[in-house]
Amino acid sequence: MKLASWNVNSLKVRLPQVLEWLKTAQPDLLGLQETKVPDEHFPSEALRAAGYEVVYSGQKTYNGVAVLSRWSITEMLTELPTLADPQRRVLAVTAAGLRFINLYVPNGQAVGSDKYAYKLDWLAHLRGWLAEELERWPRSIVVGDFNIAPQDQDVHDPQQWHEQVLCSTPEREALQALLALGFADSFRQFPQEPGIFSWWDYRMNSFRRNRGLRIDLILSSAALTRTLTASYVDRGPRGWPRPSDHAPVVAELHFE
DNA sequence: ATGGTCGTGGTACGA
C-alpha cells in the first residue's frame, strides 16, 4: 500500500504533473492540498481516466483538498465537527481498509497575527476530532500540508527560522499534541539523510540551494506504524518546469 | 541587501 500527499498549489495548473506523477509513482491513495478549484470545475474525468476514484472539497482561489484512490471510497467527511469554517481544508475518507485523513493546515502568516491565532485554534479543534476518529478507526493515516516543521532538523536554517511561523513553539506543541494521541511521524520511523525537505519557497533559488522545510507529513496510528515499510519525500516533481512549491511525500505500508 | 516568486483574477493578497 502506497499513500501520498502533495500540495499542488492550483490543480488547474498542476493537473498534467499530477497525472504524470500518478503514472510513475502509482500511489493507492493521494491527498492533494491547495487545489484552488471550486467543486463544479474539479477535473474529475481526467483523474478517473487515470484509474482513480476522486472526492474533493474545494473553493475558488484559496485552499481546497481532494483525495484520489485506487480503491472505493466511503464515509467521506469535509468538516471539523466542532468548527464552523468556510475554508476547505479537511477531507477524510475510508478506503483500502483504513481511514485516510487529508489536511491543509492553516499557514498562520506570522506569529501573533490573526491568522496565527486561527491556525492554533484550528489545530485545537483538529486534535479533539482526531481523538474521536482514532477511536472509531484504529487504522488511521493523517496526511497533508501541516505548515509546521516538527523539529529543527526539518529546517534548512534553524537560526533564521527560530520562533518564526511554521517553526514556533506553540505550533510545534500543537503538532506534538496530535502525535500524543498515538500517531507517529512516518518519515522519522526510518533512517534519513539530513537536509530532506518537502517545501521550498519559489524565491531566491531556494530549491536549487535546498533551503527548505519539511512541513508535509504523513502520520500513522500505532496500528499502522507497525506496518510501515518506507517513508520519503519525492523531490522529483519540485524540479520539473513550472512546479508546485511542495514535493510529494510518500509512505508505504504492508498490512493484512 | 528587509528584497525575491508564484497563483488567482484582473488588485492586491495569500503563501
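It should be emphasised that the depicted structure is a prediction, and the values quoted were computed from it without experimental measurement. Every chain is numbered from 1 and lettered A, B, ... according to where its sequence line falls, protein lines coming before strand lines. Excluded from the calculations below are hydrogen atoms, water molecules and symmetry mates; all remaining heavy atoms, backbone and side chain alike, are included.
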**Fill in**
Taking for A/Tyr62 and for A/Arg14 the nucleotide of DNA chain B with the nearest heavy atom, the one nearer the 5' end belongs to A/Arg14
**Fill in**
Contacts of A/Met204 and A/Lys115 projected onto DNA chain B by closest heavy atom; the upstream (5') one is A/Met204
**Asked** Do the numbers put A/Arg88 on top of the ring of A/Tyr104, so that NZ or CZ is under 6.0 Å from the six-membered ring centre and no more than 45° off the axis?
**Response** no
**Ionic contact status for A/Arg172 with A/Asp154, cut-off 4.0 Å** = no
**Item:** Under-4.0 Å side-chain N/O to phosphate OP1/OP2 contact, A/Arg242 with B/dG7
**Value:** yes
**Message:** Taking only side-chain N and O atoms of A/Ser244, does any of them lie within less than 4.0 angstrom of OP1 or OP2 on B/dC6?
**Reply:** no
**Message:** Under 4.0 Å, counting only non-hydrogen atoms across every strand here, what does A/Tyr104 touch: a base, just sugar-phosphate, or nothing?
**Reply:** sugar-phosphate
**Item:** B/dG7 versus B/dG3 - spacing of their P atoms, nearest Å
**Value:** 22 Å
**Prompt:** Taking the P atom of each, how far is B/dT2 from B/dA12, in whole Å?
**Reply:** 23 Å
**Request:** Evaluate the ring planes of A/Phe42 and A/Tyr56, with Trp represented by its six-membered ring, and classify them as parallel (under 30°), tilted (30 to 60°) or perpendicular (over 60°).
**Result:** parallel
**Item:** Atom-pair distance (CD on A/Gln164; C1' on B/dT2), nearest Å
**Value:** 12 Å
**Fill in**
Ranking B/dC6, B/dA15, B/dT8 by distance to the side chain of A/Glu34, first place goes to B/dA15
